[in-house]
Amino acid sequence: MFTRGAAKLAANTVILSLREGYIALIPFFVMAALVTLVTHWLNYEKLVASYAFLSSFNVLVWTLFPLTTLLSFSYYLAKNLKLNTIAVPILVLTCFSVASGYIYVLDDGSIGVNSRAGVLYTILIPIFCCYMMRAILRARWLRIMPVGNISLFLVKHLNLILPYMLVVSATFTLFPLVDWLLGQALAVFNEQHALLSSGEKLTIQLLGSHLLWLFGIHGDNAYQIIATPQMSNFLLGFGMDSESYINSFVLLGGSGCIWGLVIACLLQGKGTHEASIARLSSPLALFNLSEIMVYALPIVFNPYLLLPFIITPLINALLSNLVISQGWISVVAGADIPWFTPVFISGYVATDSLIGVLWQALLIGLSTLMYLPFVKANREHNISGRQLDMLVKRVSAGRQLERQAEAQFAKRDSQKIAEQKRLNEVIETLKEGALCLYYQPKVCKKTKRILGFEALLRHKRSDGTIVSPWFIDVLERFQMMDVVDSFVIDQLELDLQQFHRHQLVPKISFNISPRNLINRRYKRVIRAFSKFPDQVEVEILESSYADDFSRTQEIVAKLRSEGIRCAVDDFGTGYSCLSLLSKLNVDTIKFDRSLLPSDEHDPATILYQSLTQMCHQLGFEVVAEGIESDFHADFITPLPISQLQGYYFDHPLTLEQAIRKFADQGLDTIVQINRDLPVANSKKAAQ
């Protein structure tokens, strides 16, 4: 249940957009942290006069921090909500700058910037503006121009005029009230905070900054902006200021005690996503920079790492306070430990002995043990890496096709106006939904066990209904199938990994555009599926052989040499050429449902029987599609057909349903499947 909840959280549009936005900002975060590091270091060495420009640059970088966060998040949220990725971020920037007080006008007419204002609004205002924009755009009566024969690009921007005005009006009406309420809450918080003990202040600071990190907000900086200076740096009972104490004995490697997390990730093994990010983060962790781990692992909005990220600093603070108050470790009163001081050096400076170094090593070891089980669970169950890419690709097909269509708009002639209009309708439909894969079972004729599945492309509409990909023919005519094919290959690769996680190895077939397969996509197919030998089958239309026989044979031979099976799909449709049968180098022939007779008196029974006998004698495995009735099942029984497919056995299933149904067949499924699979004759084996 937790795993399903975590996956659902990761797939949430806002969470997905935040993760994309913060990952895109990693170069900025690292650059900003390094500038701050150098600036503090030079100031520490009293060289500020020679490098004063760095101090100015450091101030400017962190002044721009809210804007960079705002624009990145706005862009990806707009993209994932199928909104305009230029116009909407500009709208958000305008609303944020004015409503939050980030930009203001001075008495002399000049412009001022208040970088402390609106830190929390960098998330709130994009969400408000983007979702309100989407709701308004769904009101078709507000559209100035319908989709027609003029440029889709122009129509799209003209239709933003009224939504722009409405969103700006709503933002400037509501957010002064929101700002006042937040101001009152912060005033009460600051007033109550002054009455707390130093230990309570430290606990609130650690909790507050780390909770902000989990929401993607730079916790340390944001807490210092929200809180007064007395709340973020105060004297502890044993004579050390809170900032030096945190830098020496709490945040070892950066927020969340990153060194413990880095080591726990490295222990996951070479080649894992976690270990790769940890190796990349290690050099920066030397100077307590945690941005890469926070945003790239990620920790942001990651339910698997939430608990240790918050608890570990609190435990370090509690244990260190205990050993210091008991006199087991003596600290240097008044010691100034900057945040960028490397671990172990800070421990030595804070205690003036190796005891501080040993204590830090012990804390890092404890942090590692705390992180280990959570990191392992994250690696096994959480969405990351390629899966995050697929969440993005699943909803972005319409956007990619829109860019291609606009490029083609200038090239069209008058005869293609109707087709262009149809393409625009397809793009609008795809932008309002998402692509997905469903799996239709293939069953053994003898045992009725599921041998495998055919991966079927489906379109999930904005209302949640699932429909067949009616748009394929339109995209084929405009040679724009590459976006769809890329999605199918990438999603199937990830889904096969899910089957393997459950120790299941079904045979799975899929379709790809003949033009893309022959031209270049076969290389991507090999990269994706050669690691699943004899488990994946590419279904190729017979027309591919008719159009370019030698090239198709060459591609099929390459695929089969990499352990990827090949099938001729929809055999019997179009202009089937029987003379090709003896020359095909595929493994399987799939008989189209149109060949099936309607009853025992249908002359098609003779044709179907003869074709199946012929294909079997030529050494092909034969699959019968479209089995939907008792008559079909009885008619197929005596024929040399190995696999059956159709609604008579099951409808297309989601990945989760397919995994569950395949697994429910019992532990002997794989053994039985191997017995059921036919062995090709000597001629086919030679091919």
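Partners of Y648 under the side-chain hydrogen bond (donor to acceptor under 3.5 Å, both in side chains) rule, at least two apart in sequence or in another chain, are D630. The ring pair (Phe, Tyr, Trp, His ring centres under 6.0 Å) test applied to F591 returns F571, Y608, not counting sequence neighbours. Scored by the side-chain hydrogen bond (donor to acceptor under 3.5 Å, both in side chains) test, T465 finds D463 as partners (sequence neighbours excluded). Residues passing the salt bridge (charged side-chain N to carboxylate O under 4.0 Å, His left out) test with E454 are K590, sequence neighbours excluded. Taking the ring pair (Phe, Tyr, Trp, His ring centres under 6.0 Å) definition, one finds that Y647 meets it with H651, sequence neighbours left out. R551 pairs by the salt bridge (charged side-chain N to carboxylate O under 4.0 Å, His left out) definition with E554, not counting sequence neighbours. Shown here are the salt bridge (charged side-chain N to carboxylate O under 4.0 Å, His left out) partners of R593, two or more places apart in sequence or in another chain: E628. Residues passing the side-chain hydrogen bond (donor to acceptor under 3.5 Å, both in side chains) test with S468, sequence neighbours excluded: none. Every salt bridge (charged side-chain N to carboxylate O under 4.0 Å, His left out) that D650 has, sequence neighbours left out, goes to K661. Residues satisfying the ring pair (Phe, Tyr, Trp, His ring centres under 6.0 Å) test with F532, not counting sequence neighbours, are H500. Shown here are the side-chain hydrogen bond (donor to acceptor under 3.5 Å, both in side chains) partners of D634, two or more places apart in sequence or in another chain: there are none.
In this structure a side-chain-to-backbone donor-acceptor pair under 3.5 Å is missing from T85 to Y75. A donor-acceptor pair is defined here as one N or O able to donate and one able to accept, closer than 3.5 Å; no such pair exists between the side chain of S74 and the backbone of P89. With hydrogens and angles ignored, the 3.5 Å screen pairs no side-chain donor or acceptor of K376 with any backbone N or O of Q268. Side-chain N or O atoms of K445 include one that pairs as donor or acceptor with a backbone N or O of L639 at under 3.5 Å. No donor-acceptor distance shorter than 3.5 angstrom exists from the side chain of Q491 to the backbone of I489, with no hydrogens or angles considered. No side-chain donor-acceptor contact under 3.5 Å links N378 to the backbone of Y304.
Residues Q609 and F635 meet the side-chain proximity criterion, which asks for heavy atoms closer than 4.5 Å. In this structure, P126 and F73 have side chains that are in contact, with non-hydrogen atoms separated by less than 4.5 Å. Considering only heavy atoms from C-beta on, Y522 comes within 4.5 Å of I526 through its side chain. Looking at heavy atoms from C-beta onward, V586 lies in side-chain contact with V556 at the 4.5 angstrom threshold. Inter-residue side-chain proximity for R560 and C566 is flagged as met; some heavy-atom pair is nearer than 4.5 Å.
With values rounded to the nearest 0.5 angstrom, L618 atom CG is found 11.5 Å from Q613 atom CD. Remark: R134 CZ to L77 CG distance equals 9.0 Å, nearest 0.5 Å. Here CG of L595 is found 10.0 Å from CD of E625. Values are rounded to the nearest 0.5 Å. Taken to the nearest 0.5 Å, the SG atom of C615 stands 5.0 Å off from the CD1 atom of I589. Within the model, atoms OH of Y438 and CG of L457 stand 11.5 Å from one another, a figure rounded to the nearest 0.5 Å. Atom-to-atom distance recorded for F662:CZ and I659:CD1 is 11.0 Å, nearest 0.5 angstrom.
Between V538 and I564, the closest heavy-atom pair is CG2-CG2, 3.7 Å. Across A278 and C265, no two heavy atoms sit closer than the pair CB-CB, 3.7 Å. When all heavy atoms of L437 and A455 are compared, the closest pair comes out as CD1-CB, 4.5 Å. The shortest heavy-atom contact between Q498 and H502 is O-ND1, 2.9 Å. What you find for L653 and Q657 is that their closest heavy atoms are CA-OE1, 3.5 Å. Across all non-hydrogen atoms, the minimal contact from F453 to A658 is CZ-O, 3.7 Å.
Note on residues 529-538: pairs passing salt bridge (charged side-chain N to carboxylate O under 4.0 Å, His left out), not counting sequence neighbours, are K442-E537, E493-K531, E537-R565.
Shown here is K523, whose NZ atom has no more than 12 heavy atoms of other residues, nucleotides or ligands within 6.0 Å. Crowding of R279 atom CZ: a count of heavy atoms from other residues, nucleotides or ligands under 6.0 Å exceeding 12.
With L644 as the partner, the side chain to side chain contact (heavy atoms under 4.5 Å, CB included) test is satisfied by one option alone out of L451, V623, T637, V443: V443.
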